[in-house]
Structures are given as structure tokens and as C-alpha cells.
Amino acid sequence: MVAYETCQNHMKKPPHTDEGTTPRRATVSQMLGLLSGTYRKHRWRLLAGFAALLLVDFLQLVIPRIIKSGVDGLTSGTTGRPELLKLGLLIILIALFVVILRFTWRYLIIGFSRLLERDIRNHIFSHILKMDGPFFEKRTTGDLMAHSSNDLSAVQMACGMGMVAAVDALVMLVAAIGFMIAIHPFLTFLALLPMPLLAVSTRFLSGRLHKHFSVVQAQFSLLTEFSRSTLVSIGLIKSYTMEQFQTDQFGHLGQQYVKANLRVARIQGLISPIATLVGNTGMLVVLFWGGKFVIEGQITLGDFVAFIIYLYMLIWPVMAIGWVANLVQRGATSLGRIHDLVSSSALVPDPATGPSSDSDQPGFRLEKLSFCYPSTPLPVLKNITLEFGPGIHGITGRTGSGKSTLCKLLTRLYPVNDGQLFFADHDVNHFPLSQIRSQVGYVSQEPILYSNTIADNISLGRPDASQDEIEMAAQNAAVHRDILSFEKGYQTLIGERGVKLSGGQRQRLALARALLCDRQVLLIDDGLSAVDVETEQEVFAGLKRYFKNKVVIIISNRTKLLSMTDRIIVLANGQVENIGSHERLLAENALYRSMYEKQMRSQSDGELRVT
Ligand SMILES: Nc1ncnc2c1ncn2[C@@H]1O[C@H](COP(=O)(O)OP(=O)(O)O)[C@@H](O)[C@H]1O
Ligand SMILES: [Mg+2]
């Protein structure tokens, strides 16, 4: 706890969370709150769906009654062939209705579960996009993807088929047993004796089935991920002659996948025979005792036949009880996890309104700023006091000195304490995040480009930009000529199906993207590292033109680039070691001088080699 005394920027936690971004276990009503909006919105759809479902159940229950009347008519001799034909036609008519109604409820209710899934997915996605750095340190990408696939489908299943099966099973169970009791209560009791065994075994088997099925899915993703990574790195694999090794690995994974699938198949193979076995045990009881009751005249032959049909009708609802219990349990666990995710709150404050900063001079001021990451108690930035007003500022320092961390604080990805970081002379904690971010442009060392045209990549932050504006930004980022050298110019596709750009070209494209947004502040975090020395000057001239009276912060370890800036800040171990012009740092700062000398040497070596 000692370290917290110097570093308290993540001690401020939202009141309802116990560990920064992880909320307490959700209550049932909180979890259902996630669903209630969609249920309310589609209540008529659900009502119509369940009405159709109940009607199907009713019609199915009528069929044994019709058969009973036919059989009884036959035994008493009152029914002839025309009557039998009529009964047959009636059954076909009912079956026709059942087809239509079944389609209707499936469409309405399963459709509803898909709508519900979409709503929750959108909720998760928009929530994730609102989150900050500490959140993404805790949640891995795989974790987040699992929420939007496995957990979501578990909830969708529980609220779709689970809900249907629960209602359907309950109605069929009550009605069929009711009809059976009406025929003969004692016979019903005897026939139902084996049924609990069916419910319990289905519950057990469907639990195992789910477990093995998850293994199948996991094996399948391993397999696809393996082939993907192999294909992506095919050059590497060939150069290390790893083809056989990879093939063996692939074969091994395939074998595991088959094994997992066979385990699923074994359980699936068990479920239906067990149901048949239990059903037939009931049948044995009915044949023996029911037959006796028919002979004794307690029930008619028609009753006997109807009873057998009702007994068969019971098998599915009894199995459904075990299955639904599993679905609901899984759905609830997943819904709990989703609730945890969407109720985690960001640590960076985001007030709804902020101070009006239009009249103020944009720029950052750091007042004894200290910072440490939530995962480690040691401060990464210590007691930094600096001002970034209009002009071009260079920042340099060894790897790990805290340069990128500073960028993350300026772009408001991580929380800072009150009174330590100011934007346009107001505490950053009083600004809505969007208000600051809309004034700060950012270029990272490894630019992210999308598989899209060059023009679309540049206009990412301003999709409405005209072609002229896009070209102007590209010219200022010294990448216009490179773009024109491609056959399709600005319409060239980048990425897997398009051209491969060099590291320097990618960085300059990212710079053009930032220039087009025309923000008051531009942060370049080592974003010119791959640009060659000749182009560097051109890029710098473009920056100077574009950012007159604005704030540019360039993080770099290239002394040639730094020498062009207005002043240079040297960071060491999270502290400001020196500030000054290129000349002054050459004279005063050992690190800077050695960087300079090393780069001059390697440059002249390069020149010697060229000549
Ligand atoms: N997300 C993080 N969690 C914990 N420590 C981090 C994190 N990111 C960076 N650090 C640590 O902070 C220090 C400064 O890192 P960084 O700002 O990336 O340095 P630079 O950009 O100057 O190379 C390093 O010691 C690094 O290990
Ligand atoms: Mg860095």
C-alpha cells in the first residue's frame, strides 16, 4: 500500500464497484432488467406466438379424442366407412392447421429471441466502445469475444427455445395427464411411474452433452486458428522447413476434434434410446393393466387407444423438463456475466457538460502529474510539470521512460487525479471526453489501416471530406506522390486483397488521416519512425504549414527530426530530465548527445556505403 501514497490516480472508484471495473454479482432483477426492454417492445409478437403455440398443443390433444370416438364407434358397430373417412379428413385438417400454427409460433418466438440477441449484442458493443484503458487491461479480446458469442447464444437459447419448451411442456404435461386421469386415474398413476427417471436422465445427459459440445467448439476454434496462423505465416514456415511439423500438428488437432465429436455423438445416441426404453416400460404397464381394465369393462377400447397416444405424447414434455432446466441455468449464468460486463464503469470521468473552451487557447498543462497503471503500484510518471502551448514540441527518452504513457493520458485513455492535468486551462476531469478528444489528433507508431481504399482510410475521421481535402492532407503528410504511383491512385485497396504499403507509407497515411481532421492538438507517438530521413524533412515542413498556432507533440528518438522542433523534452524514468533546444541538449544532456552521435555515425556509414 506504500506505493499508493505517491500514486493515487486509480484509487477513485465509482461507488458501486468493488474492484475498479468489476461490479458486484448481479441480482435477478438487475439481470432481467437487461431483457425487459426488448420483452416490452415485442409483447404483442410474443403474445401472438404463444397463442399459436397453445393452439397447436390444443389441436394435438384433440386427435386422440377423435381416434377414441372412431375406435369406440367401430367396437359398438355404430361407425361405418363414411364416418371413418370423415374422421380421417378431420385429422388431416387439424394436421394442416398444426403445420401453419407451428410455423407461426416458431417464426414469432424464435424471431423474438434473435431480436433480443441483437439488442443485447448492440448493448455490449456500444458499452465496450465507451470503456477506457483500465477496462481493456482487465478484459482480453478473447474474453470480450466470448461474451458476444457463447454467452449471447446461451441467453438467446434460454429466451427462445427454452421459453417455448417450458410453456409447451407444462401445457402438454398438464393437459395430457388430465385427459389420462379422466380415462382412469389408477392406470395414469401406474403409467407415470417410470417418467421421473426420464426427466432425471435427460437433465444429466443434456448437461454432459453441453459440456462435450463446448469442447467440440473449442477444438474447432483451435483448428481454424491453427490453419489461419499457418496460412498467414506461410513464408516463415517454408523458410524454416516446418511443413511436416505443421502438418503433424494439424493432424493431431483434427484427431482431437474427431474425438470430441464422437463423445457428443455417444451421448446423443443415448438420449433417444433411453426415452424409448422409458416410454416402452410405461407401455408395458398400460398394456398389462389397461388391457385388464378393458377386459373387465372399466374402460372402452377407444379409451385404451387414446391413453396409449397420450402416454407417447408425454415423452417429449418430460424430457423437456430436464433440458429446459439446463438451458435456463446456462442462460442465467451467461446473463450474469453479460450484466457484469455492461455494468462495469469507466474510471475516466466523463461529465455531460464541460467548460466552454472556445475562447481559450487550446493546449495541455501538467502540474506535478504522477501516474501509475492500475495493474502495477509503481508510478510510471512522476511529478511532471510541463506546458504544451502552440508550437512543435519534441519528446524523447529511452524505451520505457513513459512517453507513450504520457500520450495515453493526454488522449484521456487513463484517469488522472484532479488538479494535475489541464486542457485549455481547465482541469481535464471537468471536460466531457468527446470535447477533449475532438480536439486532439493522435498518430501511433503502428498505424491501423483498414482493408479499404486509401481515400477511405484517410477520411476515416471525416467521412464527408472532399477529394481535394483528402489530397491536400496527403500532400502535407508527404504521401501524395506515393499514392499517385499506384495504378488506381486514391482508390487503391489496402490490405490482403490490395497493395502492401511500406512501414513509412503506412505511417504517412495515418498522419494524413490526422491532418485531415484538423485538430487543435496533434500527438505523434513515434509515428514517424519508419519514415526515411529525406521524407522526414518534407513531412516536417507539411506539419509546420498545417499547424501554425496549434500544438504538435512529436515523440521520437531521431535527433534529426527533434532538431527541427521548437524545444525538446527528455524523459527519463518517468521524470523530465532536461528541456531545451537541440544545441542546448547536445551540450547538456548525455543521453541526447550519445543518441545524436550514434545516429550521425550510422548515417555517415550509410553514406559511405552508398558512395
Ligand atoms: N498497460 C500497462 N500496464 C502496466 N505498465 C505499463 C503499461 N504500459 C506501459 N507500462 C510500463 O510503463 C512504463 C512506461 O512505458 P511507455 O510509456 O510505453 O514507455 P515509452 O513509450 O517511453 O517506451 C514501462 O515501464 C512499461 O513497462
Ligand atoms: Mg512508446
Side-chain angles (χ1 to χ4, degrees), residues 2-4 6-13 19-22 128 131-144 344 346-348 364 366 369-386 388 393-417 420-421 440-448 503-504 506-507 510-511 514 522-531 552-559 561-562 565 568-579 585 589-592 594-595 598-599:
V2 179
Y4 283 107
T6 55
C7 200
Q8 299 184 330
N9 52 284
H10 58 272
M11 294 291 282
K12 273 192 305 177
K13 291 165 185 167
E19 218 193 289
T21 53
T22 318
I128 290 177
M131 288 293 104
D132 52 10
F135 173 88
F136 289 104
E137 276 185 23
K138 276 199 158 175
R139 308 268 189 170
T140 61
T141 310
D143 191 18
L144 295 174
S344 54
L347 291 180
V348 179
F364 284 103
L366 289 62
L369 174 88
S370 293
F371 173 80
C372 60
Y373 283 100
S375 54
T376 49
L378 293 176
V380 172
L381 296 178
K382 293 166 228 163
N383 220 6
I384 298 187
T385 299
L386 269 179
F388 293 106
H393 311 261
I395 300 182
T396 189
R398 287 186 207 285
T399 307
S401 55
K403 306 179 297 290
S404 297
T405 305
L406 185 60
C407 271
K408 288 183 212 166
L409 297 189
L410 298 185
T411 47
R412 302 295 284 126
L413 277 178
Y414 283 85
V416 290
N417 287 340
Q420 297 197 342
L421 181 59
V440 179
Y442 172 65
V443 182
S444 65
Q445 181 174 8
E446 276 152 28
I448 298 184
R506 294 170 67 86
Q507 287 190 334
L511 180 64
L522 178 66
L523 295 175
I524 305 177
D525 184 1
D526 227 0
L528 301 175
S529 55
V531 177
V552 181
I553 300 174
I554 301 179
I555 293 175
S556 174
N557 280 341
R558 306 231 311 232
T559 48
L561 179 64
L562 290 167
T565 60
I568 305 160
I569 297 151
V570 183
L571 282 186
N573 290 322
Q575 283 172 309
V576 176
E577 192 178 72
N578 231 325
I579 302 181
L585 291 183
N589 192 280
L591 171 71
Y592 192 80
S594 82
M595 266 166 46
K598 223 183 265 168
Q599 287 169 23

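Both counts, for ligands and for their atoms, begin at 1 and track the order of listing.
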| Which heavy-atom pair separates Leu406 from Leu369 by the least distance, and what is that distance? | CD1-CD2, 4.3 Å
| field | atom 15 (O) of ligand 1 [closest protein heavy-atom partner, distance rounded to 0.1 Å] | value | Thr405 OG1, 3.7 Å
| So, is Gly402 polar-close to ligand 1, with some N/O to N/O distance under 3.5 Å? | yes
| said: Please report whether ligand 1 has a polar contact with Thr399, defined as an N or O pair separated by less than 3.5 Å (distance criterion only). | reply: no
| Nearest protein heavy atom with distance in Å, relative to atom 3 (N) of ligand 1 | Tyr373 CG, 3.3 Å
| task | Check each heavy atom of Arg398 against ligand 1 and say whether those closer than 4.0 Å belong to the side chain, the backbone, both or neither. | result | backbone
| Taking all atoms of both residues into account, what is the closest heavy-atom pair of Lys403 and Arg398, and its distance? | NZ-O, 3.0 Å
| request: Considering only non-hydrogen protein atoms, determine which one is nearest to atom 1 (N) of ligand 1 and report residue, atom name and distance to 0.1 Å. | output: Glu137 OE2, 2.9 Å
| Would you say the side-chain atoms of Glu137 and Tyr414 include a donor-acceptor pair closer than 3.5 Å? | yes
| note | Taking only non-hydrogen atoms of Ser375 and a 4.0 Å limit, the atoms of ligand 1 in range are 3 (N), 4 (C)
| said: Does the protein place a non-hydrogen atom closer than 4.0 angstrom to atom 26 (C) of ligand 1? | reply: no
| note | Near Lys408 (heavy-atom distance under 4.0 Å), the atoms of ligand 1 are 8 (N)
| task | Considering only non-hydrogen protein atoms, determine which one is nearest to atom 20 (P) of ligand 1 and report residue, atom name and distance to 0.1 Å. | result | Gly400 N, 3.5 Å
| query | Does a donor on one side chain sit under 3.5 Å from an acceptor on the other, for Thr396 and Asn557? | reply | yes
| query | Which pair of non-hydrogen atoms, one from Asn573 and one from Lys382, has the smallest distance, and what is that distance? | reply | O-NZ, 3.0 Å
| Can you tell me if Gly397 has a non-hydrogen atom under 4.0 Å from ligand 1? | no
| task | Check whether any side-chain heavy atom of Leu511 sits under 4.5 Å from a side-chain heavy atom of Leu522, and report yes or no. | result | yes
| said: Quick check: closest heavy atoms across Ala346 and Met131, and the distance to 0.1 Å? | reply: N-CE, 3.7 Å
| field | Nearest heavy-atom neighbours spanning Phe136 and Leu144 | value | CE2-CD1, 4.0 Å
| Identity and separation of the nearest protein heavy atom to atom 21 (O) of ligand 1 | Ser404 OG, 2.7 Å
| said: Any N/O/S atom from Thr405 (main chain or side chain) under 2.8 Å of the Mg ion (ligand 2)? | reply: no
| field | Check: Gln507 side chain, Ala530 main-chain N or O, donor-acceptor pair, under 3.5 Å | value | yes
| said: Just to confirm my output: which protein heavy-atom neighbour is closest to atom 13 (C) of ligand 1, and how far is it? | reply: Val380 CG1, 3.5 Å
